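Order of the sequence lines fixes the chain letters, A, B, ..., with proteins taken first and strands second; residue numbering starts at 1 for each chain. Just so it is clear, the model here is predicted, and its values are computed rather than measured.
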Amino acid sequence: MLDPKYIRENIDEVKEALQKRKEDIDLDKFLELDQKRREYIAQSEKLKNRRNTVSQEIAKLKRQKQDADHLIKEMQEVSKTIKEYDEKLREVQSELNDFLLTIPNIPHSSVPVGETEDDNVVVRKWGEPTKFDFEPKAHWDIGEELGILDFATAAKVTGARFTFYKGLGARLERALVNFMLDLHTTEHGYEEVFPPFMVHRRSMIGTGQLPKFEEDAFKVQGTEYFLIPTAEVPVTNMYREQILDESQLPIKHVAYSACFRAEAGSAGRDTRGLIRQHQFNKVELVKFTKPEDSYDELEKLTNDAERVLQLLGLPYRVSLMCTGDLGFTAAKKYDIEVWMPSYGRYVEISSCSNFEDFQARRAEIRYRPADKGKVTYVHTLNGSGIAIGRTVAAILENYQQEDGSVVIPEKLVPYMGGINKINKL
RNA sequence: GGAGAAGUAGCGAAGUGGUCAUAACGCGCCGCACUCGAAAUGCGGUUGCCCGAAAGGGCACGUGGGUUCGAAUCCCACCUUCUCCGCCA
C-alpha cells in the first residue's frame with residue numbers, strides 16, 4: 001500500500017510510475033475520495049468536541065442538582081448528526097482503503113523501464129550452459145525412467161500438476177530442503193522458522209496476495225483460511241501490527257514450506273514436469289530492515305540465494321526485472337534463473353524482491369529508531385532460497401549421464417546418506 | 001465440540017456510568033544527581049493513530065455493533081488465551 005499522503009502530495013510522480021508499470025489506475029478518484037474523507041473528519045470532530053465539552057457541563061450541573069434537560073436535548077441532536085457523519089466517513093474510508101489496496105508499488109529508480117520480460121536486464125551469469133556429448137533428456141523422462149518421479153499416479157490420486165516423488169527422488173527433495181536450511185542458518189545468519197501452511201485473509205492482504213489475486217489462491221472450504229502460496233505470507237505476517245526495536249533489525253528468517261498455487265491463467269504452460277505444480281516445496285528467505293539498509297540487504301539476500309546454486313554447481317544467471325515485469329508488490333526484483341537443458345534456456349528458480357514499505361504498511365510492521373525518532377515502517381524483503389522442485393528438475397537435467405543415471409552434486413551427498421548417484425533400477 | 005474464567009502501556013496490575021487514559025501503583029527501560037566506580041537511593045522521562053499551515057482538536061481499554069447527553073465500566077456478537085470435560089496425532 002502506498003502512503004495516501006504521499007500520493008496526494010506527489011500525484012504526478014505516482015501517475016508516471018504507474019504508467020511505467022502499464023497500470024491503468026484512476027488516481028483522480030483517489031483524490032476525490034481523500035478530499036471527502038477529510039471533510040467528513042473535520043465535520044464529525046467539530047461536533048465531537050462540542051459533545052465532549054457539553055457532557056462535562058451536564059455532569060457538573062447534575063452534581064449540583066441543577067436542571068440539564070435543555071443541554072441533553074441539544075446533545076441528542078448532536079449525537080445523531082455525529083452518527084450520520086461517521087457513517088458517511090466509514091463508507092468513504094472503506095472505499096478509499098479498498099482502492100489503495102489495488103494500487104501496485106512504485107518501482108525503484110534503478111529499475112529499467114520496459115514492458116515485457118524481454119526488457120529485463122541480465123546483470124550477471126555464473127557457469128556455462130551444460131554441454132552434453134549425447135542427446136540430453138527432459139527431467140520428467142529422466143525421473144520416470146529412474147522410478148523417482150510419478151506424474152501419472154499423482155494425476156490418478158489428485159489431478160494434473162501434482163507429483164509423487166518416490167525412493168531416492170523423495171530423498172533428494174528432502175536432502176535439498178535440509179541442505180538449504182543448514183546453509184542459510186549456519187553460514188548466512190538466518191533464523192529458521194516453520195510456519196503454518198494456512199493463513200487467514202488478513203495475512204494474505206498484508207503481503208499483497210489479496211484482494212487482487214484471489215483466483216490464484218486455494219481457499220479451504222468451510223473456513224476463512226487460504227493455503228499459503230509461499231512462506232513469505234506467514235513469515236512476514238509474524239510481525240504484523242508490531243512495533244519493533246531498532247536493535248532487533250535486521251530480522252532474517254529462513255522457512256521451509258509447501259506452497260500451493262492455483263496457477264489460474266497458466267493453462268497449457270509448462271504442463272510437463274516439475275516446473276509448474278499446484279503444490280511445491282520451497283525454502284524462503286525473509287528480511288525486515290531499516291529503510292536505509294534495504295537495498296544493500298536485497299543484494300545480500302540475492303547472493304545468499306545464488307550461493308545455493310553455486311554449491312550445487314548449477315549454471316545460472318541473474319536478471320533485473322523491468323517495470324512491466326515487476327509484479328504487484330515489489331519496488332525492485334531480481335530473478336535467479338537456472339539453466340534448464342530441456343527448455344534450452346534459463347528458467348526462474350528464485351525471485352528476490354525489496355518491497356520497501358509496501359507490505360509493512362499493509363501489515364503495519366514498524367520500528368522505533370534508537371534515537372527516539374518517529375516510529376517508522378520497516379522495509380520487507382524476501383526471496384526464494386530456493387524452490388526445491390525446480391532444483392530437482394535442474395539437477396536431474398544438468399547432472400544426467402548417458403546411461404540414464406544422475407550424479408548427485410558433491411555437497412548433497414552427505415544429505416543423501418552417502419549416495420552419489422541415482423541409477424536405473 | 002461442551003462448561004467456566006479472562007483480555008487495559010514492554011510486563012504485572014488498579015479503575016465497575018461523568019471529576020484518573022499523555023492510564024494510579026509496582027517492575028523494566030532511558031537520562032540526571034549522589035559515588036573513585038558500582039549497588040542502593042532520589043529526581044525527571046518513557047503508547048500509537050488521524051485531521052490541521054499552526055494553534056488546537058479527535059480516536060483507541062481484544063475486535064465489531066448497541067444502549068446513553070456521556071461507556072474501560074451496561075447489553076449483543078465475534079476473536080484470542082487459560083482451566084476442566086470430550087475427541088484426536
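Residues A:L146 and A:K424 have side chains in contact (heavy-atom distance under 4.5 Å, counting atoms from C-beta outward).
Looking at the side chain of A:V375, the nearest of the listed nucleotides B:G18, B:C69, B:G48 is B:G48. Distances from the side chain of A:R38 to the nucleotides B:C69, B:C50, B:G52 place B:G52 closest. Proximity note for A:K62 (side chain, C-beta onward) versus B:C49, B:C69, B:G58: the nearest is B:C69. Taking every side-chain heavy atom of A:R37 into account, B:C50 is the closest of B:C50, B:G48, B:C59.
With hydrogens and angles ignored, a donor-acceptor pair closer than 3.5 Å exists between the side chain of A:E45 and the base of B:G57.
Close to B:C51, at under 4.0 Å from its OP1 or OP2, lies a side-chain N or O of A:R8. Dashed line: the shortest gap from a side-chain N or O of A:N49 to OP1 or OP2 of B:C51 is not under 4.0 Å. Residue A:R366 has a polar side-chain atom (N or O) positioned under 4.0 Å from OP1 or OP2 of B:C49.
Mapping A:M75 and A:I243 onto RNA chain B by nearest heavy atom places A:I243 closer to the 5' end of the strand. Between A:Q56 and A:D34, the residue anchored nearer the 5' end of RNA chain B, judged by the nucleotide with its closest heavy atom, is A:Q56.
In this structure, A:Y239 has its ring center no closer than 6.0 Å to that of A:Y367.
Base pairing annotation: B:A53 forms no Watson-Crick or G-U wobble pair, as no partner gives both donor-acceptor distances under 3.5 Å. When both distances must be under 3.5 Å, the Watson-Crick or G-U wobble mate of B:C59 is B:G48. Base pairing of B:A3: its partner is B:U83, meeting the Watson-Crick or G-U wobble criterion (both donor-acceptor distances under 3.5 Å).
Spacing between atom CZ of A:R51 and atom C1' of B:U68 amounts to 10 Å, rounded to whole angstrom units.
In this structure, A:D245 reaches neither bases nor backbone, as no heavy-atom distance under 4.0 Å exists between it and the strands shown. Contacts of A:I41 with the nucleic acid, taken as non-hydrogen atoms under 4.0 Å apart, involve only primed sugar atoms and P, OP1 or OP2. Using a 4.0 Å heavy-atom criterion, one finds that A:R201 contacts no nucleic acid atom at all.
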For nucleotides 77-81 of chain B, which of its nitrogen or oxygen atoms have a protein nitrogen or oxygen under 3.5 Å away, and what is each distance?
none

Please write out the pairs of protein N or O atoms and N or O atoms of nucleotides 73-75 of chain B separated by less than 3.5 Å, giving the distance to one decimal.
none

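Atom name C1', nucleotides B:G1 and B:G86: the rounded distance is 8 Å, in whole Å. Taking the C1' atoms as reference points, B:C20 lies 15 Å from B:A71, given to the whole Å. Rounded to whole Å, the P atom of B:A23 lies 14 Å from the corresponding atom of B:G10. Comparing the same atom, P, in B:G70 and in B:A14 gives a spacing of 29 Å after rounding to whole Å.
Salt bridge present: A:R276 and A:E263 bring a charged side-chain N and a carboxylate O closer than 4.0 Å. Ion pair A:E87/A:R90 flagged as a salt bridge, since at least one NZ, NE, NH1 or NH2 atom sits closer than 4.0 Å to an Asp/Glu carboxylate oxygen.
Within residues 78-90 of chain A, the residues that have a heavy atom under 4.0 Å from RNA chain B are, in order of number, A:S79, A:K83, A:R90.
Among A:K290, A:K287, A:K332, the one residue that satisfies the salt bridge (Lys or Arg N to Asp or Glu O under 4.0 Å) test with A:E297 is A:K287.
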